[in-house]
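A quick write-up on the structure given underneath.
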Amino acid sequence: MNNRTHLAAGAYETKGGFRILAIPGSLREASQNRGLLRAAREVAPPGVEIELFHLGRIPLYDGDVESQGYPEAVRELHEAIRRADALLVATPEYNGSIPGVLKNALDWASRPRSSSALRHKPVALMGASAGRSRTANAQAHLRGVFDHTGSPLLSEPRVLVSGASGAFDADGNLLDLDVREQVRELVQALVDWVRVRPLETAVAGVA
Ligand SMILES: Cc1cc2nc3c(=O)[nH]c(=O)nc-3n(C[C@H](O)[C@H](O)[C@H](O)COP(=O)(O)O)c2cc1C
């Protein structure tokens, strides 16, 4: 974790600032969820850097491959997660749950279990989908996954976007100003929460 002590509220400009790894649950070029993450980068406060990760090169999880050594794309994912102060995941909903590409990447990221990059890594979620649930099911299932991986989750604010409501243009760029403000609030809440967590865990007596 970077040194962020003695900072005025809202500024994160010491020693490389605050780094968020943004992971979209869709590979599409015009993905609305990638659009949400681009918007997060645009509205992030000064000193907060958001790196977008593309899951397209992550192979299917295979224990035999793992036992031979991690593929390069998986090592890149592990390193990007370790470098980050927090993760921001934007997911669509597929058949009432998490898209396979995202679950597969999280399965790789959770390995090896004894020293997983996801362990203790703070996470915030958001999502856009065409259907009525607006990714409520996918986000609920992701919460279960991150519970398993030992990754603490920001509980609020929740950002659930209807992809069918004209919030995005055809290239997946976010147009809706209310949603943009929700995304800004989520990024700010994630940064503020991660800054106070060391104090919270110390008070609770957790190492
Ligand atoms: C295989 C598949 C299953 C889907 N299932 C759901 C679903 O259960 N609920 C829903 O709201 N949308 C569903 N959709 C629609 C996606 O949510 C929609 O395509 C979304 O915009 C994709 O996100 P993206 O723009 O980031 O690629 C499904 C799409 C696909 C391809």
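Values reported hereafter were calculated over all heavy atoms of this structure, with side chains retained and with hydrogens, waters and symmetry mates removed. In each ligand, atom 1 is the first atom listed, and ligand 1 is the first ligand listed. It should be emphasised that the depicted structure is a prediction, and the values quoted were computed from it without experimental measurement.
Here Arg143 does not pair with Asp147 in a salt bridge; the nearest charged N to carboxylate O distance is not below 4.0 Å.
In this structure, atom 5 (N) of ligand 1 lies nearest to the protein heavy atom Asn95 N, 2.7 Å. Atom 8 (O) of ligand 1 has Gly96 N, 2.8 Å as its closest protein atom, hydrogens excluded (heavy atom only).
Backbone and side-chain nitrogen or oxygen atoms of Ala30 are examined, and none is located within less than 3.5 angstrom of a nitrogen or oxygen of ligand 1. Of the N or O atoms in Ser26, one or more lie within a sub-3.5 Å distance of an N or O in ligand 1. For ligand 1, one of its N or O atoms has an N or O atom of Gln32 under 3.5 Å away. Taking distance alone, with nitrogen or oxygen atoms compared against 3.5 Å, Gly131 approaches ligand 1 more closely than that limit.
Considering each of Glu93, Arg28, Arg134, the one bringing a non-hydrogen atom nearest atom 9 (N) of ligand 1 is Glu93. Of the candidates Ala128, Ala90, Ser129, Pro92, the one placing a heavy atom closest to atom 17 (O) of ligand 1 is Ser129.
The protein does not reach atom 19 (O) of ligand 1 closely, with no heavy atom under 4.0 angstrom from it.
The distance from atom NE2 of His54 to atom CZ of Arg34, rounded to the nearest 0.5 Å, is 4.0 Å. Note that CG of Leu21 is 10.5 Å distant from CD of Glu49, once rounded to the nearest 0.5 Å. Between atom CG of residue Asn104 and atom CD1 of residue Ile98 there is a gap of 12.0 Å, rounded to the nearest 0.5 Å.
Ala130 counts as a contact of ligand 1, since one of its heavy atoms falls under 4.0 Å from the ligand.
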Exercise. How far apart are the C-alpha atoms of Arg180 and Glu42, what are their side-chain angles, what is the distance that settles it, and do they pass the side chain to side chain contact (heavy atoms under 4.5 Å, CB included) test?
Worked result: CA-CA 9 Å; Arg180 182 172 287 265; Glu42 288 158 14; 2.8 Å; yes

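Within ligand 1, counting atoms from 1 as listed, the ones closer than 4.0 Å to a heavy atom of Asn33 are 23 (O), 24 (P), 26 (O).
Environment of CZ in Arg82: crowded, with over 12 heavy atoms of neighbouring residues, nucleotides or ligands closer than 6.0 Å.
Residue-level proximity to ligand 1 for Ser31 is carried by backbone and side chain together, each with a heavy atom below 4.0 angstrom.
Within the 4.5 Å cutoff, side-chain heavy atoms of Val65 are placed close to those of Trp108.
Paired with Ile20 under the rule side-chain contact (heavy atoms from CB on, under 4.5 Å), one option of Leu37, Asp85, Ile50 passes, and it is Ile50.
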